[in-house]
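First comes the structure, then the notes that go with it.
These numbers were taken from a predicted model, which means no experiment stands behind them. In what follows, every chain begins at residue 1, and chains take the letters A, B, ... in the order their sequences are listed.
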Amino acid sequence: MPNGIALAAVAGILENARACGAGRLRRAVSRAVVDHRDLREFPVGAVQILSHFAQRPGQPILFVEGGNDNGDGSSQTKIYNSLFPQKETYLSLEDELLKQRLERIREIEELGYRAYGRRYDFTHTVPGILAGYGAKTAEELVPEVRVRVAGRVMQLRHMGKAGFAHLQQDGERVQIYVRKDAVGERDFKLFKMLDIGDIVGVEGCLFRTRTGELSVHAETLEFLSKTLLSMPEKWHGLEDVETRYRQRYLDLIANPEVRKVFVTRARIVSSLRRQLEERGFIEVETPMMQPLYGGAAARPFVTHHNTLDIDLYLRIAPELYLKRLVVGGLERVYEINRNFRNEGLSTQHNPEFTMLEFYQAYTDYRGLMDLSAELLARTALDATGSATVEYDGRKLDFSRLERYSMRESVAHFWEGEDRPTLEDVRDPEWLSRHSGKATAGEALTDIFERTVEHKLIQPAIIYDYPVETSPLSKSKSDDPAFVERFEIYAAGMEIGNAYTELNDPREQRRRFEMQLAMRERGDEEAHQMDEDYVRALAYAMPPTGGEGIGIDRLAMILTGSRSIRDVILFPLLRPEGPIGLADLMRGLEPR
RNA sequence: GGGCGCGUAGCUCAAUUGGCAGAGCAAGUGACUCUUAAUCACUAGGUUGAAGGUUCGAUUCCUUCCGCGCUCACCA
């Protein structure tokens, strides 16, 4: 290719004039070429090259003229770049690493191994080896312990005719020692070809190295899977937040603590399941695609079913379906699954998030408070090994849930001189003095949110909410301005919401109609009329307590994560655009 | 949606006032049969997120756009 030759010639000339890598020149040329101007003035800097050359007649010419760096701007380097027509000639997009790895695959197969292997029957896992033999001395390993173990190569240290590697499995690592005279010519050739990130199987005996590390003395190697891309750096791991979320698999490989977070999350969910099962709750699954949405105040996602030709909503809550089941006699039900709310994103909000909701017939919000205290204490213990966890430098004790009524909390957490008394907090005049909201209830909620919410670091229950902000809860019989509802707070976040369920179909009809009126006025978050739900209540629902616990936020607190995205494996991000790997691979495909 | 910040090699990070884009790890070649962030020598690797603008000259200054983070608003 003529232009390629020209480039080589330029490189040669510059090599003589000054030690200058071909890569550097290529970049300089490509910069000029990209501009595609006939004349481009270039900085002189310290460049002291005067070189010019012509290719063959009629071919593009690169003319480089240099001067001294005299600092007064009088000397310039000019590149007359007459038309290198295809910049691709110079901007090679080939990925050297990928090319090398594909070549590696060929070599591995030439040796008689599969680059992408089949079943490997291991006798031990890496964590199993560490747990079983990590405490044994060299002498105790003398009756030979043979193991077959597989894992991902995370570190490699070659030393001529021997070498060490660390295999990672389930987030833990064991060292293997491979020497030529132990594994033979062919396996040792394979060992020398390994890249960090490859997955291999090793058979051999356990021993301790001179420095005392438990290791597998390899006798045979099996190749199981080839990495084509390079792993994140061994020391710092993967730190780029965006890459960590987009390529969570890399995050999990490179950052052991991330794995722990998701293991803890799994423990939280299984602990809650087990505790609810023990109390006679059964797990159910209700529709995620709903013709009518309800159970919370939020904007939904809309989708469409083709055959029925109807729009459906991704559920914002399972509440109304779960209560239908209570009507049907499933007196203790729970569901752990995703809700979808079409809202902004933040460190505490992901558009899809996981909620536990449970309903228990014949109890009320007082009963649920006691149950919540037990559930949370036990979950913290099961997930972290302690009912006390540290979050953001504060110790949170889940074994004792503080309880305040909303009014008490305002008085209790007030900062400043004019701390209100409990009498003040129920005085409409005092409330309107401290909030611009129209009604006393809304004002109380407003004041609570501004002065109390962020101070609820210790796990706490706030109970008795104004009726205005709680459309689905049953009113307190002795104070109809308030409802039997509580929320659970910890680390300044709301993590749960519960109430004595409204089970009077007449009242429910009235509240739906109020919501409908709000919809008419353009409130997208107002409830729709769900007449089937009213019909269900009309068959009589037992008095019931219902509660929702945000699993993601609970997981944040119990894992010490500051962002909800750190406890969701694949948080919602904008699509990243073309990756280009498929094109690269296609370009390197042998034909 | 508003405000602030970030974007440089596969990864982690430098780059003086606007003046030749560098290092470590990873990669390639060679040496090394107990290393462990192995070591030693050499090599390669860049559209400085993208597009414009200012300038003799831009990673650096300006504008717009893209992506991410924090924050406010919205939202439980």
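- For the P atoms, the distance linking B:G22 with B:A44 amounts to 13 Å, nearest Å.
- For A:Arg210 and A:Met193, each mapped to the nucleotide of RNA chain B holding its nearest heavy atom, the one lying further toward the 5' end belongs to A:Met193.
- Residues A:Phe301 and A:Tyr313 have side chains not in contact (no heavy-atom distance under 4.5 Å, counting atoms from C-beta outward).
- Contact annotation: A:Arg104 does not reach the phosphate of B:A27 (side-chain N/O to OP1 or OP2, under 4.0 Å).
- B:A15 and B:C40 have their C1' atoms separated by 28 Å, given to the nearest Å.
- B:A51 and B:C70 have their P atoms separated by 28 Å, given to the nearest Å.
- A perpendicular orientation is assigned to the rings of A:Tyr404 and A:Phe413, their planes being inclined by more than 60° (bins at 30° and 60°).
- Between B:U33 and A:Arg179, no contact under 4.0 Å exists linking OP1 or OP2 to a side-chain N or O.
- Residue order along RNA chain B, read from the 5' end via each residue's closest nucleotide, puts A:Asp240 first among A:Asp240 and A:Tyr489.
- For B:C75 and B:C4, the P atoms lie 24 Å apart once the distance is rounded to whole Å.
- Using a 4.5 Å heavy-atom cutoff, the side chains of A:Phe570 and A:Arg246 are not in contact.
- A 3.5 Å limit on both hydrogen-bonding distances identifies B:G53 as the Watson-Crick or G-U partner of B:C61.
- A distance below 6.0 Å separates the ring centres of A:Tyr177 and A:Phe164.
- Using a 4.0 Å heavy-atom cutoff across all strands shown, A:Thr347 reaches sugar-phosphate atoms only and no base atom.
- Taking atom P on both B:G18 and B:C62, the two are 11 Å apart, rounded to the nearest angstrom.
- If you check every strand for non-hydrogen atoms under 4.0 Å, A:Arg157 touches a base.
- A salt bridge does not link A:Asp181 with A:Lys161: every distance from a Lys NZ or Arg NE/NH1/NH2 to an Asp or Glu carboxylate oxygen is 4.0 Å or more.
- Between B:G52 and B:C13, the two P atoms lie 30 Å apart (nearest whole Å).
- Nucleotides B:G5 and B:U43 have their P atoms positioned 42 Å apart, rounded to a whole Å.
- Residue A:Glu242 is classed as a sugar-phosphate contact, given heavy-atom separations below 4.0 Å to backbone atoms only.
- One P atom belongs to B:U33, the other to B:U59, and the distance between them is 48 Å to the nearest Å.
- Residue A:Arg562 is classed as having no contact, given no heavy-atom separation below 4.0 Å to the nucleic acid.
- Under the Watson-Crick or G-U wobble criterion, with both distances below 3.5 Å, B:G5 is paired with B:C68.
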